[in-house]
Amino acid sequence: MSGGRVDRSWDCPILHVDMDAFFASVALRDRPDLQHVPAAVGGGHRGVVLSANYAARAHGVRGGMSGVRARRLCPQLVCVPGDHATFSAVSTALREIFRGFTPQVEMASLDEAFLDVRGATRLLGSPLAIAEQIRATVLAEQGITCSAGVAPTVSVAKIASRRAKPDGVLVVPPEDVVDFLHALDVGELYGVGDATATKLRRAGLRTVRQLAHAPVGELRAAVGSGAAHQLQVLAWGRDRSRLHERRGPQEPDRSMGSQRTFARDLTDREEVLREILGLATKVTRRLRAGSVAGRTVALTVRYTDFTTLTRSQTLPEPTDVTQEVYAAAVALHDALVAAAPGGRRGRRAALRLVGVRVEGLVPRTRVHRQRVLGEREHGWSDADRAVDRAAGRFGSGVVGPASLLRLPPTTAPTTASRTAPTAAPTAAPRGRGTTPEGAVGRAGDEFL
DNA sequence: TCTGGGGTCCTAGGACCC
DNA sequence: TCTGGGGTCCTAGGACCC
């Protein structure tokens, strides 16, 4: 299963390259003092650890873990803020490194990619040799280590790189795929999370070998027919070898959204609406920056008891207008409150989280707004763009909807006035990258 | 173990139309 | 007028990934 096997057996070698503890590695790159100290990115009051270095992992700290629990496991843990702009820049550089080896690159996230190296073996050597060259280049140019998996299919390559971590390579030649997979726990399959793994174990299927040989009817009863078919494909290593020519610059994201968990749960409608306006502002600003618009507005709320509900509404036409997204989100919010028996009194009424998402995105050039009779020549759309320009020049903390001003409670604006997307200087401009009062978001995130 | 934020994809039911 | 089937859109929720 290791070493450079004879390449003749490879129909189409897929490499999966995955950075080791990406966010932590990048954030700690310039902090040699923290190299061998348990350290993590993120982990605020109600936040979670984004990524932990291996010294912290030795204490059991993992990405996705609450900061409270991480510090309980490792009291000396050092938490540092992350900077999304830096992560993106490194990600772009990584993609260029990969493209230097093959044009067939599918970025799976910021820090990992699948590479089809079929055409590169003649020039660069075996898949293993190529993987080692890529790892050396990443280390030399970006100062971070990565791991690689080499296999005939996407999901097997993914599993292989995970098992090669940290700083290693694992090659699974075609003739070894079935043995390699069948020795695994079902939970290790790519695409099998906690929910599916639990269902499988309840059906008596613990290993991939058992899953592979399970009667189809039994499997369908456990997970449904669609998932049953997909699982057996994975269990025999017969998933795809073709890479998706992933979204190019011209193909937009399918949705954009933003959500916020509050430092304390909110009960006041005015406060909730202010949060919704902040989220709508943030999301539509990103829509406009990406030159896309969307037709469906979705609102997510999470109550104190963790009950999470989503409601969505599809508009007649795609929009990137802050006011329209805000209005739709408020309507969804109010419908939700009205629909709840007793108006959701009691503990459930307190909100822990609110999220706004715009779905069904299309390029803005494809949106032809039909001017409604009597619509003003220069409407909300122009106001949004004026705000965007000001934010671009002076920083996003400088301008925003008037209602996002922090005013003394006695002078708080009415609902009607607070919805106006007027560009107004904030009373106390927030510095870039600071976390606003009451926010939980990762340090380095901008509020708007 | 008291549980973030950003996404994608799939399923399933109901409405509506042909 | 009743019935059936198929296709598409919308909505809600779940699962998964990083």
Side-chain angles (χ1 to χ4, degrees), chain A residues 16 18-19 21-24 40-51 60-73 82 84 87-88 91 107-113 154-155 158-159 161-162 187 189-200 223-231 234 244 246-247 251-263 265 279 282-283 286 295-316 332 335-336 339 352-361 435 439-446:
Chain A
H16 180 252
D18 195 357
M19 302 305 118
F22 178 64
F23 298 105
V41 179
H45 162 51
R46 264 174 143 175
V48 297
V49 171
L50 189 58
S51 176
V61 177
R62 298 281 182 274
M65 181 179 281
S66 76
V68 174
R69 187 171 170 228
R71 274 184 292 278
R72 203 178 297 147
L73 286 167
H84 192 82
F87 297 144
S88 291
S91 181
M107 291 299 289
S109 71
L110 277 184
D111 76 314
E112 60 176 306
V154 162
S155 90
K158 169 78 190 178
I159 297 168
S161 74
R162 196 191 291 152
L189 286 178
Y190 188 42
V192 174
D194 284 344
T196 306
T198 301
K199 286 179 194 166
L200 292 173
V223 298
S225 63
H229 175 255
Q230 182 58 23
L231 284 172
L234 291 175
H244 294 317
R246 266 294 233 244
R247 270 187 264 301
E251 198 181 343
D253 289 337
R254 307 219 190 282
S255 69
M256 282 188 193
S258 187
Q259 60 182 52
R260 225 161 84 83
T261 296
F262 312 120
D265 296 348
L279 293 167
K282 181 177 176 179
V283 171
R286 285 174 54 210
R295 268 186 79 199
T296 303
V297 177
L299 178 82
T300 300
V301 298
R302 177 169 295 156
Y303 295 97
T304 301
D305 67 1
F306 240 76
T307 307
T308 306
L309 300 177
T310 305
R311 291 292 182 271
S312 62
Q313 185 193 356
T314 299
L315 308 173
L332 290 166
L336 208 46
R352 179 188 174 89
L353 167 149
V354 171
V356 173
R357 175 163 292 277
V358 178
E359 303 167 350
L361 303 189
T435 307
V440 178
R442 296 195 298 273
D445 266 1
E446 290 181 90

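Note on naming: letters A, B, ... go to the chains in the order of the sequence lines (proteins, then strands), and numbering restarts at 1 for each one. Quantities reported herein were computed from a predicted structural model and do not represent experimental measurements.
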Nearest to the side chain of A/R72, heavy atoms from C-beta on, is which of C/dA12, C/dC18, B/dT1? B/dT1
On the nucleotide B/dC9, are OP1 or OP2 found under 4.0 Å from the side-chain N or O atoms that A/R254 carries? yes
Here the distance between atom P of C/dA12 and atom CZ of A/R302, to the nearest Å, is 17 Å
Using a cut-off of 4.0 Å on non-hydrogen atoms, how would the nucleic acid contact of A/R62 be classed: base, sugar-phosphate, or nothing? nothing
Which nucleotide in the set C/dA15, B/dG4, C/dC18 lies at the smallest distance from any side-chain heavy atom of A/T196? C/dA15
Could you let me know what C/dC9 is paired to, Watson-Crick or G-U wobble, both distances under 3.5 Å, or none if it's on its own? B/dG14
State which of C/dT11, B/dG5, C/dC18 makes the closest approach to the side chain of A/Q259. B/dG5
Output the single nucleotide from C/dT11, B/dG4, C/dC17 whose closest atom is nearest the side chain of A/R352. B/dG4
Can you find a side chain N or O atom of A/K158 that sits less than 4.0 Å from OP1 or OP2 on C/dC18? yes
Evaluate A/R352 against A/F262 for side chain to side chain contact (heavy atoms under 4.5 Å, CB included), listing each step before the verdict. CA-CA 6 Å; A/R352 179 188 174 89; A/F262 312 120; 5.7 Å; no
For atom CD of A/E112 and atom P of C/dC16, their distance in whole Å: 17 Å
Choose from B/dT3, C/dC17, B/dG4 the nucleotide whose nearest atom is closest to any side-chain atom of A/L50. B/dG4
Under 4.0 Å: is that the gap between some side-chain N or O of A/S258 and OP1 or OP2 of B/dG6? yes
Check: A/V192 main-chain N/O paired with A/T196 side-chain donor or acceptor under 3.5 Å: no
Which nucleotide wins on minimum distance to the side chain of A/T261, given the candidates C/dT11, B/dG4, C/dC18? B/dG4
Which value, in whole Å, describes the distance between the P atoms of nucleotides B/dC2 and C/dC18? 24 Å
How is A/M256 classified with respect to the nucleic acid when contacts are heavy atoms under 4.0 Å: base, sugar-phosphate, or nothing? sugar-phosphate
Between CG of A/L189 and C1' of C/dC17 the distance, given in whole Å, is 15 Å
When we call it a touch if two heavy atoms are under 4.0 Å apart, what does A/L353 touch: a base, just sugar-phosphate, or nothing? sugar-phosphate
Whole angstroms only, please: what is the CZ-P distance between A/R71 and B/dT1? 18 Å
Sidechain-backbone polar pair: A/T307 side chain, A/Y303 backbone, donor-acceptor under 3.5 Å: no
Would you please confirm or rule out a distance under 4.0 Å between OP1 or OP2 of B/dC2 and any side-chain N or O of A/R46? no
If you find the nucleotide of DNA chain C closest to A/K199 and the one closest to A/F23, which residue's nucleotide is nearer the 5' end? A/K199
Just the rounded figure in Å: distance from C1' of C/dC18 to NE2 of A/H16. 10 Å
What contact category does A/S51 fall into here, base, sugar-phosphate, or nothing, at under 4.0 angstrom with non-hydrogen atoms? nothing
Flag the pair A/V297 / A/L315 as yes when at least one side-chain heavy-atom distance between them is below 4.5 Å, and no otherwise. yes
Which nucleotide, C/dG13, C/dT11, C/dC18, lies nearest any side-chain atom of A/L309? C/dG13
Interatomic distance where CG belongs to A/L332 and P belongs to C/dT11 [whole Å]: 9 Å
Let me spell it out: for each of A/A227 and A/G63, pick the nucleotide of DNA chain B with the closest heavy atom. Which residue's pick is nearer the 5' end? A/G63
If the threshold is 4.0 Å, N to carboxylate O, is there a salt bridge linking A/R302 and A/D265? no
Would you say A/R71's side chain and A/G43's backbone share a donor-acceptor pair under 3.5 angstrom? yes
Check the phosphate of C/dC9 against A/R295, side-chain N and O only, distance under 4.0 Å to OP1 or OP2. Yes or no? no
Is there a donor-acceptor pair closer than 3.5 Å between any side-chain N or O of A/S161 and the backbone N or O of A/K158? yes
What nucleic acid atoms does A/G224 come within less than 4.0 Å of, heavy atoms only: base, sugar-phosphate, or nothing? nothing
From B/dT8, C/dC10, B/dT1, pick the nucleotide closest to the side chain of A/S255? B/dT8
Any side-chain N or O of A/S109 under 4.0 Å from OP1/OP2 of C/dC17? no
For the side chain of A/T314, starting at C-beta, report the closest nucleotide among C/dA15, C/dC10, C/dC17. C/dC10
Would A/F306 count as stacked on B/dT3 if the rule is ring centres under 5.5 Å and plane angle under 30°? yes
Atom CG of A/D305 to atom C1' of B/dT3: distance rounded to whole Å? 13 Å
Just checking A/V192: base, sugar-phosphate only, or nothing, at a heavy-atom cut-off of under 4.0 Å? sugar-phosphate
Can you see if the side chain of A/R311 gets near the phosphate of C/dA12 - specifically, an N or O under 4.0 Å from OP1 or OP2? yes
In whole Å, what is the span from the CG atom of A/D265 to the P atom of B/dC2? 17 Å
Across the strands shown, which category fits A/R162 at heavy-atom distances under 4.0 angstrom: base, sugar-phosphate, nothing? nothing
Think A/K282 has a side-chain N or O under 4.0 angstrom from the OP1 or OP2 of B/dG5? no
Going by the angle between their ring planes, with limits at 30° and 60°, are A/F23 and A/F87 parallel, tilted or perpendicular? perpendicular
